[in-house]
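Some notes on the structure that comes next.
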Amino acid sequence: MAIFAGATDTRSKKDTDLKADFSNKKILWVSSYHQGYEANDAIETGIRAQLKGTPVELRTFFMDTKRNNTSIQGQTAAKKAFSIIEQFRPDAIIASDDNAQRYLVVPYLKEKSIPIVFCGVNWDIKKYGYPTANITGMVEVDLTQQMYDLMKSYATGNKIGFLSGNVDAERDMVQMYNTRFFQGRLKPYFVESMAEFKHAFLQAQQEVNMLYIYNYTGIKDWDPNEAELFLSRHTRIPTGSHNDFMAPFVTFVAAKSLLEHGRYAAKTALRILAGVTPDKIAVTENKEVELYVNMRMAKAASFVFPVDLLQTATVISEIKAYLDPDPGTIMPNQYAGKKIFLLDSYHEEYEWSTGIKNGLLSGFYETGVHLHSFHMNAKQENSPDCLKKIGQKAYDAIVQFQPDVVIACDDAAQKYVVSPYLREQKIPVVFCGVNWDASEYGYPASNITGMIEEEPIGGLIALLQQFAKGRRLGYIAGNTLTQQKLVKFYHQNHFHQRMTTTYLVDSMAGWKDAVLKMQNAADMLVLSNYSGIQNWDSRQAVQFIKKHNTLPTGGMLDFMTPYVIFALERIPEEQASYAANTALRILDGTPASQIPMEKNILFRLTLNLPMAEASNITIPCTILKQAEKLIQ
């Protein structure tokens, strides 16, 4: 876009190789923050990527001054860092973000002999007296004017606000923004809790026309799922940030690349270890930028983006936006007093069940519906006798709860509860997650409708075929009743036109043996669900596949993405969104018998680039652009 013409993305440029002997060299990275903080982790990824392949010893120290942000705590952390420096005796130090400069570098290391490379220092280095003979680095700057121009193009006026956690760094940011860009017009909203965040956000939308939601650090009980749901229902003005980890919550992100900061710091440290003194290395500013647009927040605000913006930006939350209700279609607490019973076939921690629950929470958000859950645990307690007993308990719980609608997810709920106890009865039932065919349960019925779940096996095979040397297909999964049913169905409907080898295994050893056999028996490989493999070890599986597999691999479940190159996944939130919307239609008075059954239509592509590299498979840009998620 024209407003970002001044920014560049230099990630594709190759760094000049450093020709030097780095044996016995040591670097200490002192971070202002804590491991797990997204910005901090991005810097670490950049540092480690740049040092990879060198013999340099890297040691780290995390000052943790985002969570412990008083000056006394900063000084205490700096003393610990300096003690490590005296013991470790590094050849160079990387110091990231402002507090490492404020509490460590300036008091202890400035104008000393040890070389320092700083990064992540916001805007102004003169306050630290940088650069010096032993200090150089990269200044962190935002594309503030460009972001303002982008938000303003969707705003109804020029009033602008800044909402963030109540921490010193963000207070400094507001002061700097007001001085450099907004002539005091930027109105701050600093909060310390989720309740304060919600109140301030609603207040800001009445007082300003566009709003930075800059950072959630400092909001002590921050809940990302709750925040995303709240903002997806209440965003009415353009919102933005310069932090990529804020992309789920705002309309626009013009993100600085903190990977760039990490790569630069490590590369500069290597130059110093190779003999270049810091005073010969000019201070620079970050140049890389990535623009994100959030379709979910855009839908909430009724924004329509032009094609050139969508072509320029990374588009996120498209599926969530598709599934969210249209703004204004549901009034807050419209269904207060209504009760819905969620009958889930599996256990609460199972990834598919988590997606179903999240989709229902989104569908019922702020509607006033009372949602009660019952989990049958059919993945772990899967004998027929056991499931019959659990089915009786589930039915008793339904009778006791007296719901207005039952939502029944996946096959076990239908087989052991809905079909024997609820079919053709008074309580309306909406099913979802039933694989391929619901007729075996007598669906549809006068009180039952729902969504059939079809796996994208045909699409996955077509994708794998693009990278396969032949047409032979391999299929490996855990030995469960569901997989036995699926394999039989696949052979009848999808595998019959090609030579196919299938293995349903019970153990980790059996799974490894099947993978090895497939290297000669197949040209492409589907790794389906590992449920039923008793001693499954995720780390072993990843290492084994990387070492022994040469075939294009694919899966159809999100939790299989660590083990395959291509994952074409069903979306549990689609099933749940349908179920929630259908339940609300029933609460509005539409009988279940008048609501036709549907099939899922949405699938999510995830690409695992390390797995592709291990199998020597190159993925073209046309497919890379189709992926919603890249594992790197």
Side-chain angles (χ1 to χ4, degrees), residues 8 10-11 13-32 40 43-61 63 78-79 81-141 256-288:
T8 59
T10 60
R11 286 171 293 174
K13 298 178 182 178
K14 292 186 177 179
D15 294 329
T16 303
D17 291 334
L18 293 164
K19 306 296 184 181
D21 182 9
F22 298 117
S23 300
N24 302 315
K25 297 296 185 180
K26 297 182 290 186
I27 295 175
L28 175 67
W29 171 41
V30 178
S31 165
S32 294
N40 183 88
I43 290 176
E44 180 172 10
T45 299
I47 290 173
R48 293 191 182 279
Q50 190 67 47
L51 296 180
K52 185 178 180 180
T54 73
V56 170
E57 180 183 356
L58 176 68
R59 188 170 295 186
T60 61
F61 180 80
M63 295 178 66
K79 288 179 182 178
F82 187 66
S83 177
I84 291 173
I85 292 169
E86 291 183 314
Q87 295 170 17
F88 184 52
R89 300 182 66 81
D91 298 288
I93 293 173
I94 296 172
S96 61
D97 293 283
D98 284 81
N99 283 342
Q101 324 306 322
R102 181 179 293 118
Y103 296 116
L104 174 66
V105 178
V106 172
Y108 293 97
L109 304 171
K110 185 178 172 184
E111 303 290 3
K112 304 296 184 183
S113 59
I114 189 165
I116 309 292
V117 180
F118 68 82
C119 65
V121 174
N122 293 296
W123 296 95
D124 182 17
I125 59 173
K126 291 181 180 178
K127 60 186 173 183
Y128 303 124
Y130 295 174
T132 69
N134 71 318
I135 300 174
T136 191
M138 175 174 277
V139 181
E140 181 180 336
V141 298
K256 303 160 289 189
S257 171
L258 293 174
L259 283 170
E260 178 190 12
H261 281 265
R263 290 194 304 265
Y264 164 85
K267 181 185 176 184
T268 302
L270 290 177
R271 291 181 64 191
I272 291 170
L273 297 186
V276 182
T277 58
D279 61 328
K280 301 298 184 184
I281 302 173
V283 171
T284 188
E285 295 180 350
N286 54 285
K287 299 178 179 64
E288 296 178 11

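Everything quoted here is computed from the prediction, not taken from an experiment. Residue indices begin at 1 and follow the sequence shown.
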Which atom names give the shortest non-hydrogen contact between [X] and [Y], and what distance separates them?
X      : Y      : result
Glu140 : Asn286 : CA-OD1, 3.2 Å
Ile85  : Pro90  : O-CD, 3.5 Å
Phe61  : Leu28  : N-CD1, 4.5 Å
Ala269 : Ile27  : CB-CD1, 3.8 Å

Lys/Arg N to Asp/Glu carboxylate O, Arg59 vs Glu57, below 4.0 Å: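 Glu57 and Arg59: salt-bridged.
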
Pair Lys127 + Asp98: basic N to acidic O under 4.0 Å: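 A salt bridge is present here (some side-chain N lies under 4.0 Å from a carboxylate O).
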
CA sep, side-chain torsions, deciding dist, call: Lys79, Tyr103, side chain to side chain contact (heavy atoms under 4.5 Å, CB included): CA-CA 9 Å; Lys79 288 179 182 178; Tyr103 296 116; over 6 Å; no

Side-chain donor/acceptor of [X] to backbone N/O of [Y], under 3.5 Å:
X      : Y      : result
Lys110 : Tyr128 : yes
Asp91  : Ile114 : no
Gln101 : Ala95  : yes
Asp97  : Asn99  : no
Ser32  : Ser96  : yes
His261 : Cys119 : no
Thr54  : Leu51  : yes
Lys26  : Leu58  : no

Non-hydrogen side-chain atoms of [X] and [Y] separated by less than 4.5 Å:
X      : Y      : answer
Pro131 : Ile125 : yes
Arg48  : Thr60  : yes
Tyr130 : Val139 : no
Leu273 : Val56  : yes
Ile272 : Thr277 : no

Pair Tyr264, Gln50: side-chain N/O donor-acceptor within cut-off below 3.5 Å: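 On atom types as modelled, these side chains do not qualify, holding no pair under 3.5 Å.
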
Worked verdict on Asp279 versus Thr136 for side chain to side chain contact (heavy atoms under 4.5 Å, CB included): CA-CA 7 Å; Asp279 61 328; Thr136 191; over 6 Å; no

Separation between CD of Glu260 and CD of Glu285, rounded to the nearest 0.5 Å: 10.5 Å

Steps toward side chain to side chain contact (heavy atoms under 4.5 Å, CB included) verdict (Val283, Met138): CA-CA 6 Å; Val283 171; Met138 175 174 277; over 6 Å; no

